[in-house]
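Accompanying notes for the structure given below.
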Amino acid sequence: MTALAAAPTRQPGRKRRPLPFSGWHFFLLPVAVLFAIPFVQMFLTSVTPASEINKFPPRFWPSAISFDGYASLFGKSDILLWLGNTLIVSSSAIASHLVLCSLAGYGFARLKFRGRHFGFFAVLATIMIPTQLLMIPTYILFSRVGLIDSLGAAIVPWLASAFGIFLMRQFFLSLPAELEEAAMIDGCTRLQVFFRVILPLAKPALATLAIFTLLGSWNDLVWPLIAINNDHAFTLQLGLANFQGTRRTQWSLLMAGNVVATLPLILFFLFAQKQFIATMTFSGLKG
């Protein structure tokens with residue numbers, strides 16, 4: 001009787017604290033490490049002395065830290081110019097995607113007009129057209145309007161995309177229409193509903209669209225390689241491709257260039273990953 005009285009009793013309504021990890025972490029952690037190894041190796045190679053890079057067997061961790069590759073990169077190339085051009089292209093692409101794709105996606109999701117479904121599927125069908133088939137007509141069009149060998153040749157193709165319109169339309173369809181009806185009853189116009197009610201709720205989708213747009217515009221190489229021959233209009237990927245062609249054996253310098261090209265993408269994804277996950281979760285709740 002005494003033992004039973006001394007036994008602790010669980011207080012009703014007290015919730016057990018959730019564990020800081022789940023069983024999925026035991027699977028995801030090795031996968032994350034596996035994907036991170038190439039990036040770590042790339043950075044370590046960029047700070048490895050040139051005399052140790054070609055040694056056999058190769059060493060994962062350098063015996064000394066050397067920043068000669070970065071010094072040569074910023075001293076022998078126009079990487080700051082390339083980086084600035086790429087920032088202009090990517091910033092313009094993200095801004096135009098967020099505005100144009102959200103407007104088009106909202107129109108296909110909510111506005112009632114004749115040929116809405118046909119127009120949406122026509123836009124969506126352009127995703128199936130191989131990019132190689134569009135390069136020659138696009139080059140001819142750009143040459144006639146005077147965009148070849150200029151930074152505009154890299155900006156214009158990224159003003160909008162069928163994928164961005166599709167992503168925003170699907171997100172807008174997952175929002176309840178009662179929110180818009182209530183706002184219109186209060187006297188808001190359609191544009192006011194879009195900018196004051198719908199767009200603030202679409203921040204996760206906008207962040208996801210910004211991530212995909214940044215990845216595509218930042219890493220774009222094939223089209224700038226065809227349309228831009230002016231050294232002052234080189235983007236980062238195009239400049240590194242030409243720079244690597246003359247310095248194939250200088251691995252520390254080449255890896256330093258790859259680190260500079262990859263680091264902004266990693267930082268941007270870490271900054272927007274919560275919004276990215278929220279978009280996937282919100283979309284997955286739609287039945």
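Note that the structure is a prediction, hence the values are computed from the model and not measured. Every heavy atom of this structure was used, including side-chain atoms; hydrogens, water molecules and symmetry mates were not.
Applying the ring-ring contact (aromatic ring centres under 6.0 Å, His included) rule to Phe166 yields no partners; only residues at least two apart in sequence or on another chain are considered. For Tyr70, the ring-ring contact (aromatic ring centres under 6.0 Å, His included) test picks out no residue, with sequence neighbours left out. Residues meeting the ring-ring contact (aromatic ring centres under 6.0 Å, His included) test with Tyr106, sequence neighbours left out: Phe172, Phe194. Looking at residues two or more places apart in sequence or on another chain, you find no salt bridge (charged side-chain N to carboxylate O under 4.0 Å, His left out) involving Arg169. Arg190 is linked by a salt bridge (charged side-chain N to carboxylate O under 4.0 Å, His left out) to Glu180, counting only residues two or more places apart in sequence or in another chain. With sequence neighbours left out, the side chain to side chain donor-acceptor pair (under 3.5 Å) criterion links Asp78 to no other residue.
Separating the OG1 atom in Thr262 from the CE atom in Met255 is a distance of 9.5 Å, to the nearest 0.5 Å. Expressed to the nearest 0.5 Å, how far CG of Leu98 lies from CG of Leu103 amounts to 10.5 Å. Atoms CE and CG, on Met42 and Leu254 in that order, are 12.0 Å from each other to the nearest 0.5 Å.
Counting heavy atoms from C-beta outward, Ser252 and Ser46 have side chains that stay 4.5 Å or more apart. Between Leu265 and Ile211, every side-chain heavy-atom pair lies at or beyond the 4.5 Å cut-off.
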Identify every side-chain donor-acceptor pair in residues 228-236 under 3.5 Å, counting partners at least two apart or on other chains, and give the distances.
{"from": "Asn230", "atom 1": "OD1", "to": "His232", "atom 2": "N", "distance (Å)": "3.3"}

What side-chain donor-acceptor pairs closer than 3.5 Å can you find for residues 27-35, not counting sequence neighbours?
none

Pairs under 3.5 angstrom only: tabulate donor-acceptor contacts from the side chains of residues 151-163 to other protein residues two or more places apart or in another chain.
{"from": "Trp158", "atom 1": "NE1", "to": "Asp220", "atom 2": "OD2", "distance (Å)": "3.2"}
{"from": "Ser161", "atom 1": "OG", "to": "His97", "atom 2": "NE2", "distance (Å)": "2.9"}
{"from": "Ser161", "atom 1": "OG", "to": "Gly164", "atom 2": "N", "distance (Å)": "3.1"}

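For Ile136, the CD1 atom sits in a loose shell: 12 or fewer heavy atoms of surrounding residues, nucleotides or ligands are nearer than 6.0 Å.
Cluster partners of Met128: none. The rule joins Ile, Leu, Val, Met, Phe, Trp and Tyr whenever side-chain heavy atoms lie under 4.5 Å apart, and it links nothing here. Here Leu267 is tied into one hydrophobic group with Leu263, each link being a pair of ILVMFWY side chains closer than 4.5 Å.
Between the side chains of Gln41 and Thr45, at least one donor-acceptor pair of N or O atoms lies under 3.5 Å.
The backbone N or O of Ala210 sits nowhere less than 3.5 Å from a side-chain atom of Thr213 that would complete a donor-acceptor pair.
Within the structure, no pair that satisfies the side-chain hydrogen bond (donor to acceptor under 3.5 Å, both in side chains) test touches residues 115-142, not counting sequence neighbours.
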